There are 4 protein chains.
Amino acid sequence: MPTAKNTKATPAPTSPDRRRELLTIAAEVFADQGYNATTVRRIADRAGMLAGSLYYHFDSKESMVDEILATFLDELWAGYDAVLAAHLGPRETIEALVTESFREIDRHRSAVAIYQKEARHLATQPRFGYLTDSQRKFEKAWLGTLERGVAEGVFRSDLDIRLTYRFLRDTVWVAASWYRPQGRHSPEEIARQYLSMVLDGVALRA
Amino acid sequence: MPTAKNTKATPAPTSPDRRRELLTIAAEVFADQGYNATTVRRIADRAGMLAGSLYYHFDSKESMVDEILATFLDELWAGYDAVLAAHLGPRETIEALVTESFREIDRHRSAVAIYQKEARHLATQPRFGYLTDSQRKFEKAWLGTLERGVAEGVFRSDLDIRLTYRFLRDTVWVAASWYRPQGRHSPEEIARQYLSMVLDGVALRA
Amino acid sequence: MPTAKNTKATPAPTSPDRRRELLTIAAEVFADQGYNATTVRRIADRAGMLAGSLYYHFDSKESMVDEILATFLDELWAGYDAVLAAHLGPRETIEALVTESFREIDRHRSAVAIYQKEARHLATQPRFGYLTDSQRKFEKAWLGTLERGVAEGVFRSDLDIRLTYRFLRDTVWVAASWYRPQGRHSPEEIARQYLSMVLDGVALRA
Amino acid sequence: MPTAKNTKATPAPTSPDRRRELLTIAAEVFADQGYNATTVRRIADRAGMLAGSLYYHFDSKESMVDEILATFLDELWAGYDAVLAAHLGPRETIEALVTESFREIDRHRSAVAIYQKEARHLATQPRFGYLTDSQRKFEKAWLGTLERGVAEGVFRSDLDIRLTYRFLRDTVWVAASWYRPQGRHSPEEIARQYLSMVLDGVALRA
DNA sequence: AATGAATGAGTGTTCATTCAT
DNA sequence: TATGAATGAACACTCATTCAT
């Protein structure tokens with residue numbers, strides 16, 4: 001769904017490898033300093049080139065975030081769609097989505113952090129319309145699963161379901177702000193504990 | 001603890017009311033657009049004055065966020081300290097802290113949103129050292145309570161406690177990103193449901 | 001018809017005098033160096049200020065040419081419309097239009113020179129659509145008068161009328177490239193001699 | 001007289017054909033967009049190569065206009081010199097010069113358009129000193145012929161002769177701005193009509 | 001002959017800030 | 001208290017040019 005189309009006049013000859021390298025660097029800086037606060041000079045510095053040289057590879061600073069976010073969302077949805085296509089039960093679906101989410105955080109930590117901080121702001125521009133689309137699709141998948149779970153008696157029915165949705169959603173994604181790859185726990189382990197908290201609560205069962 | 005010292009040089013200080021008015025406006029814009037993306041002119045526009053005129057009231061844009069955040073943290077800690085001074089049991093303490101937090105979100109939504117988005121970035125500057133102090137104190141209070149709860153058999157012991165802490169912390173504060181005063185639920189009701197989810201889980205008990 | 005609308009967020013407080021001063025300077029530099037080759041820094045230099053300061057008065061370099069050209073065309077059409085409204089004979093109309101044109105060259109030399117050099121290029125942008133409109137109206141007035149003159153037996157009928165039109169038009173306006181106010185001849189005297197050449201030819205009558 | 005000296009350093013010079021091809025393309029773009037507004041990349045695009053590749057053929061963008069203008073002026077003067085060497089009467093000389101001029105416009109339309117727009121600006125650089133030389137020689141030829149014509153009673157003596165000169169000069173060359181090869185009229189026919197207007201006037205003789 | 005990648009100087013523009021009035 | 005005008009540093013971006021391959 002989201003696809004950053006590269007509309008350069010000239011055939012945009014950059015080698016895919018160099019492009020990916022530069023985008024990785026850019027993503028890290030964006031995640032760290034914020035998109036607006038990041039100067040293209042800083043990105044270029046870290047890449048060992050001059051600011052202007054970046055424009056051989058990319059149209060604009062904006063097109064860099066664009067490609068970073070679009071790439072991330074493409075992969076995310078590949079994972080999500082696979083999960084949804086499996087038609088598991090509601091609880092298993094939620095478990096699979098959460099696990100998949102932490103895996104994406106593991107692989108695209110910077111992109112997720114950028115998404116968290118900048119998506120709302122960027123989505124106001126037509127170019128980033130796919131962010132809104134993605135969010136809608138996201139909500140449909142999660143909220144739908146929760147509703148199914150309530151209907152099937154798997155999840156509690158005494159909670160405001162939209163509140164539950166936001167709770168789940170934020171709980172998972174905000175983790176990108178502190179997550180460090182190669183940290184103490186694997187994404188799967190973090191997912192397991194998060195799921196355990198979310199589904200069963202942190203209080204000791206009476 | 002954190003106090004933005006008003007180091008104005010010559011002229012008579014602004015009336016406290018006008019000051020508060022302007023800070024409220026500034027906070028809303030900062031929360032909405034992000035600190036960096038907010039121009040001092042936009043704030044002035046909304047206040048019905050010219051950009052330069054703001055400098056009669058404040059030293060700098062930075063001192064505006066400073067005062068916004070410091071004011072918020074002062075109030076937050078007044079509430080937290082009262083809770084902690086009551087020496088309740090671990091579960092009750094957590095419940096009180098969460099409830100107090102949602103009340104603060106209700107009253108200082110903009111400030112909380114700013115804090116969420118900008119704190120990490122701002123804290124690198126000496127001037128905002130109190131942000132780091134506050135965070136440390138915050139962690140001590142919450143983590144300590146959780147540890148006490150585990151020790152007393154109130155909270156589960158099979159979870160990574162730091163993970164649980166982050167889970168709780170993020171769960172609460174990230175709500176500022178979607179919370180709207182006068183929304184469907186009161187802060188207390190939101191707190192009740194969040195606590196219910198966090199403590200007991202969203203899965204139906206077998 | 002052409003009106004450069006000043007769409008600034010803030011009420012655009014610049015005093016009309018200062019504005020006019022700056023536009024005069026800008027027009028001279030544009031006329032001299034060409035629009036593209038003119039840097040806003042050079043304009044600012046001549047105005048005794050820094051480049052950025054120009055942006056207090058104008059939105060952009062583009063809006064400067066815009067205002068320069070629009071102001072000129074407004075005045076030009078005020079003059080032309082008065083001539084046309086007088087419903088003179090074809091020859092007298094041409095004489096009046098030529099005279100009026102040289103007066104405009106005298107008063108707006110820079111603007112005319114800019115128009116000559118840049119109009120075609122600028123007119124491709126929607127913002128400068130009024131240039132095309134003006135040109136069309138211009139052609140209608142001149143060509144129409146010539147045709148009327150041919151019909152009434154005042155002008156020769158053995159010439160390609162569009163060629164005659166271009167001949168007249170260019171002959172007059174290209175003068176802006178060498179005209180200097182306070183030169184040897186007044187605009188009216190130049191007009192008189194031009195008309196004499198154009199209408200009666202430079203060859204001595206047999 | 002004017003000759004753009006090709007000071008390439010190391011590699012073997014481009015084949016004359018390829019060179020001419022590229023210069024033709026460059027001239028068209030320069031004429032269309034203006035010299036300054038033309039990027040070297042646009043020229044390369046139209047030539048089906050990358051911007052950097054042009055530098056195998058030419059030293060610089062400047063040397064391209066240089067060669068374009070010098071080539072044109074060389075040809076122009078070949079024609080003019082032939083006319084002048086024929087020692088015709090003043091009227092016949094003017095007729096021959098005008099006709100020759102329209103032929104040059106027909107053959108070097110782009111170069112003429114570039115000359116019209118950029119000569120004054122370029123002539124400030126030493127490298128383009130030949131432009132000034134050419135203009136001086138040009139003025140001498142035309143003005144001299146006119147003066148001779150006045151003295152011999154062929155042209156009117158009641159006109160400012162310099163005004164007449166400029167009138168004639170501009171009248172002819174400005175045609176390059178609208179002239180299209182393969183248009184309705186041949187260069188010779190356009191010359192005939194222009195001469196008829198200039199010499200005899202557009203007014204019907206009484 | 002031409003490419004891919006980079007340079008470096010410059011361009012228009014933005015914006016927090018200053019200050020005389 | 002606030003305005004009008006300006007500063008100056010920084011910013012994203014452009015472009016002619018270079019050069020190893």
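Reminder, nothing fancy here: chain letters follow the sequence lines and each chain counts from 1. It should be emphasised that the depicted structure is a prediction, and the values quoted were computed from it without experimental measurement.
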Mind listing the side-chain donor-acceptor pairs of residues 20-32 of chain C below 3.5 Å, one per line with the distance, residues two or more places apart or on another chain?
{"from": "Glu21(C)", "atom 1": "OE1", "to": "Arg18(C)", "atom 2": "NH1", "distance (Å)": "2.9"}
{"from": "Thr24(C)", "atom 1": "OG1", "to": "Arg20(C)", "atom 2": "O", "distance (Å)": "2.9"}

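Note: CZ (Arg42(B)) to P (dT14(E)) measures 13 Å, nearest angstrom. Nucleotide dA5(F) holds its P atom 13 Å from the CG atom of Leu54(C), rounded to whole Å. Between the CZ atom of Phe58(C) and the P atom of dT14(E) there is a distance of 15 Å, given to the nearest Å. At whole-Å resolution of the value, CG in Asp45(C) and C1' in dA6(F) are 15 Å apart. Distance Arg19(C) CZ to dA6(F) P: 13 Å, rounded to the nearest Å. Remark: P of dT11(E) and CE of Met64(C) are 14 Å apart, rounded to the nearest angstrom.
Using bins of under 30°, 30° to 60° and over 60° for the plane-to-plane angle, the ring pair His108(C)/Phe72(C) lands in the tilted bin.
Between the side chain of Arg41(C) and the base of dG12(E) there is at least one donor-acceptor pair of N/O atoms closer than 3.5 Å.
Annotation: cation-pi pair Lys61(B)/Tyr35(B) present, NZ/CZ under 6.0 Å from the ring centroid and within 45° of its normal.
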Short N/O separations, protein against nucleotides 17-21 of chain F, under 3.5 angstrom:
{"from": "dT17(F)", "atom 1": "OP2", "to": "Tyr55(D)", "atom 2": "OH", "distance (Å)": "2.6"}
{"from": "dT17(F)", "atom 1": "OP2", "to": "Lys61(D)", "atom 2": "N", "distance (Å)": "2.8"}
{"from": "dT17(F)", "atom 1": "O5'", "to": "Tyr55(D)", "atom 2": "OH", "distance (Å)": "3.4"}

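At least one side-chain nitrogen or oxygen of His57(B) sits closer than 4.0 Å to the OP1 or OP2 atom of dA2(F). One finds no side-chain N or O of Tyr56(D) lying less than 4.0 angstrom from the OP1 or OP2 phosphate oxygen of dA2(E).
Contacts of Thr39(B) classified as side chain to side chain contact (heavy atoms under 4.5 Å, CB included), with partners at least two apart in sequence or in another chain: Arg41(B), Arg42(B). Here Lys117(A) pairs with nothing under the side chain to side chain contact (heavy atoms under 4.5 Å, CB included) rule; sequence neighbours left out.
Remark: DNA chain F takes part in the stems E:2-21 with F:2-21, each of 3 or more antiparallel Watson-Crick or G-U pairs, criterion distances under 3.5 Å.
Residue-level contact check: Arg18(D) touches the backbone only, with heavy atoms under 4.0 Å from sugar-phosphate atoms and none from bases.
Between Leu50(C) and Met49(B), the one whose closest nucleotide on DNA chain F sits nearer the 5' end is Met49(B).
Under 3.5 Å, the side chains of Tyr130(C) and Asp66(C) contain a donor-acceptor pair of N or O atoms.
A heavy atom closer than 4.0 Å to some atom of DNA chain E occurs in no member of residues 20-39 of chain A.
Remark: the backbone N or O of Glu67(D) is paired with a side-chain donor or acceptor of Thr71(D) at under 3.5 angstrom. Thr38(B) places a side-chain N or O within donor-acceptor distance of the main-chain N or O of Gly34(B), the cut-off being under 3.5 Å.
One finds the CD atom of Gln116(C) at 8.5 Å from the OG atom of Ser177(D) (value rounded to the nearest 0.5 Å).
The minimum heavy-atom distance between Tyr55(A) and Ser60(A), with the atom names listed, is CE2-CA, 3.8 Å. For the pair Ser134(B) and Leu73(B), the tightest heavy-atom approach, listed with the atom from each and the gap, is OG-CD2, 3.7 Å.
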